[in-house]
Amino acid sequence: MPNWHDEGPQIPAMSRQTPTPSPVSPEQALAELLKWSDSGPQRVAELTGPPGSGRTETLLRLSEARSKAVLLDATGLTCEDVIDRVMTAAGFTALPEKRADWGFELEDSPLGGGLVIIVNAHRAGRTRRSTEPERMVHRFTSELAVGGGLKVVIERDLPDVRLGHDHLVVALQSSSSEEAAGHLPDGTDVEAMRALALAELRRAPVPVWTVLAQALGSHGGRSPDVATVLGASGELLEVANDGWVRFRDERHAERLRLTTNAEIVRAVNAELVAWLRDLPAAATTGRYLA
């Protein structure tokens, strides 16, 4: 893919600090976003709120109400990946060599002036600690909107630490399902799941999970039996044909990472990296290491 970091459309300077909006219900948020998509002056809208408040669901309903909108799930994607998908949705089969050109082509395409909806921006990027979520919300949405002549609405996490911006911000209030978001069912081997959550990729081969479990056990006193957990956790985990494992609901991994001591996270990952370095690139873990 061409390198698009060096040039592009000029983004208007942030002119004011946006006050924190009063939280609203999903129904009110949907109504506000529908109105904005028709006549709102801002190019970019952000839907935020605590986990479990219905952010993704609200934007999916917006997509249903605006059938011509382009809906993208940002999980695992970079900003360049999103551009690729938007260009494909606009009918282009090849990408321009210069970043400035994709803006002109989008603006003149049938998608010009249309709506792009981006969900799960907090999960953007190849790794769980990627800087893509911040880049996608803080810079990329404006570049996409201004450069492509589009309206863009994006799901983002709290909090907002920017000094100011000119985006519409709609915040969802806490809901009754918030408390349950990311909680594991009773009887789950939490430490085994915690070990998998400490993998930097959202999908990991079983040998990587095993080493993470052993490293975590050396700091917590018990090394979980990964094979046993894998066989008993079909509702929580998904195993691909290549033997890589992932959480069916990434909120479980997010909560487990947040509730793990930072020193333990660093120590466990240091042990994993040391183990990976001793393995040949052709091993099962080669793609993970890359």
Side-chain angles (χ1 to χ4, degrees), residues 11-12 14 16-37 40-63 66 69-83 85-86 115-148 150-175 177-178 181-182 202 249-251 253-255 257-258:
I11 308 304
M14 295 182 295
R16 60 185 175 84
Q17 183 168 353
T18 305
T20 302
S22 298
V24 298
S25 68
E27 291 295 336
Q28 292 171 309
L30 179 60
E32 187 169 353
L33 290 171
L34 285 169
K35 181 180 178 180
W36 163 82
S37 68
Q42 301 95 335
R43 291 269 193 179
V44 178
E46 301 173 7
L47 180 64
T48 186
S53 59
R55 298 183 314 232
T56 304
E57 293 82 357
T58 300
L59 291 184
L60 292 178
R61 291 177 63 193
L62 177 65
S63 174
R66 296 289 181 262
V70 175
L71 175 67
L72 297 171
D73 186 337
T75 301
L77 302 184
T78 65
C79 295
E80 285 73 25
D81 293 332
V82 172
I83 283 287
R85 284 159 174 74
V86 172
L115 176 64
V116 174
I117 302 171
I118 302 174
V119 300
N120 290 322
H122 55 295
R123 295 177 187 150
R126 304 289 189 245
T127 68
R128 287 183 168 123
R129 282 192 285 191
S130 172
T131 60
E132 286 296 311
E134 180 180 1
R135 178 186 172 211
M136 196 169 288
V137 172
H138 292 185
R139 293 176 50 198
F140 173 71
T141 50
S142 291
E143 294 178 1
L144 180 61
V146 174
L150 302 167
K151 281 200 164 186
V152 180
V153 57
I154 189 166
E155 174 188 355
R156 74 159 170 85
D157 257 350
L158 291 172
D160 186 1
V161 297
R162 290 166 289 181
L163 294 177
H165 54 80
D166 60 356
H167 299 177
L168 169 69
V169 178
V170 180
L172 288 172
Q173 57 196 204
S174 301
S175 71
S177 62
E178 178 185 349
R202 296 178 183 87
D249 187 341
E250 184 65 13
R251 289 180 298 183
E254 291 163 355
R255 179 176 285 273
R257 289 172 70 88
L258 286 173

task: I would like to know whether D249 and R255 meet salt bridge (charged side-chain N to carboxylate O under 4.0 Å, His left out); could you show each step before the answer?
output: CA-CA 11 Å; D249 187 341; R255 179 176 285 273; over 6 Å; no
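- Atom SG of C79 is separated from atom CG of L144 by 9.5 Å, given to the nearest 0.5 angstrom.
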- prompt: Where do R85 and L77 land on the side chain to side chain contact (heavy atoms under 4.5 Å, CB included) test, with the steps shown first?
  reply: CA-CA 10 Å; R85 284 159 174 74; L77 302 184; 3.7 Å; yes
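- The side-chain heavy atoms of T127 and S130, taken from C-beta on, include a pair separated by under 4.5 Å.
- Annotation: the span from L47 atom CG to E155 atom CD amounts to 7.0 Å, rounded to 0.5 Å.
- The two residues L172 and G54 have their closest heavy-atom pair at CD1-C, 3.6 Å.
- Counting only heavy atoms from C-beta outward, the side chains of V153 and W36 approach each other to under 4.5 Å.
- L150 CG to T141 OG1: the interatomic distance, rounded to the nearest 0.5 Å, is 11.5 Å.
- Here R135 pairs with E132 in a salt bridge; the nearest charged N to carboxylate O distance falls below 4.0 Å.
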Side-chain donor-acceptor contacts of residues 22-33 below 3.5 Å, not counting sequence neighbours, with atom names and distances?
| residue | atom | partner | partner atom | Å |
| --- | --- | --- | --- | --- |
| S25 | OG | Q28 | N | 3.2 |
| S25 | OG | Q28 | OE1 | 3.2 |
| E27 | OE1 | R61 | NH2 | 3.3 |
| E27 | OE2 | R61 | NH1 | 3.0 |
| E27 | OE2 | R61 | NH2 | 2.9 |
| Q28 | OE1 | S25 | N | 2.9 |

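- In this structure, V44 and A145 approach most closely via the heavy-atom pair CG2-CB, 3.8 Å.
- Here the closest heavy-atom approach between residue L59 and residue I118 is recorded as CD1-O, 3.9 Å.
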Test side chain to side chain contact (heavy atoms under 4.5 Å, CB included) applied to R43 and V152, step by step: CA-CA 6 Å; R43 291 269 193 179; V152 180; over 6 Å; no
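- Two residues are said to be in side-chain contact when any heavy atoms from C-beta on lie closer than 4.5 Å; N120 and E250 fail this criterion.
- To the nearest 0.5 angstrom, D160 atom CG is 5.5 Å from H138 atom NE2.
- Of all the heavy atoms in E46 and V137, the pair that sits closest is OE2-CG1, 3.9 Å.
- Within the 4.5 Å cutoff, the side chain of R123 has heavy atoms near those of the R251 side chain.
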- request: Take R126 and D81, measure what side chain to side chain contact (heavy atoms under 4.5 Å, CB included) needs, and give me the verdict at the end.
  value: CA-CA 11 Å; R126 304 289 189 245; D81 293 332; 2.8 Å; yes
message: L34 vs R66, test: side chain to side chain contact (heavy atoms under 4.5 Å, CB included). Steps then yes/no.
response: CA-CA 8 Å; L34 285 169; R66 296 289 181 262; 3.5 Å; yes
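- Two residues are said to be in side-chain contact when any heavy atoms from C-beta on lie closer than 4.5 Å; Q42 and H165 fail this criterion.
- Counting only distance, with no hydrogens or angles, the side chain of R128 and the backbone of R257 share no donor-acceptor pair below 3.5 Å.
- Counting heavy atoms from C-beta on, the side chains of P133 and R156 never come closer than 4.5 Å.
- T58 contributes atom OG1, which lies 11.0 Å from atom CD1 of I117 (distance to the nearest 0.5 angstrom).
- The backbone N or O of G49 lies less than 3.5 Å from a partner atom in the side chain of R55, making a donor-acceptor pair.
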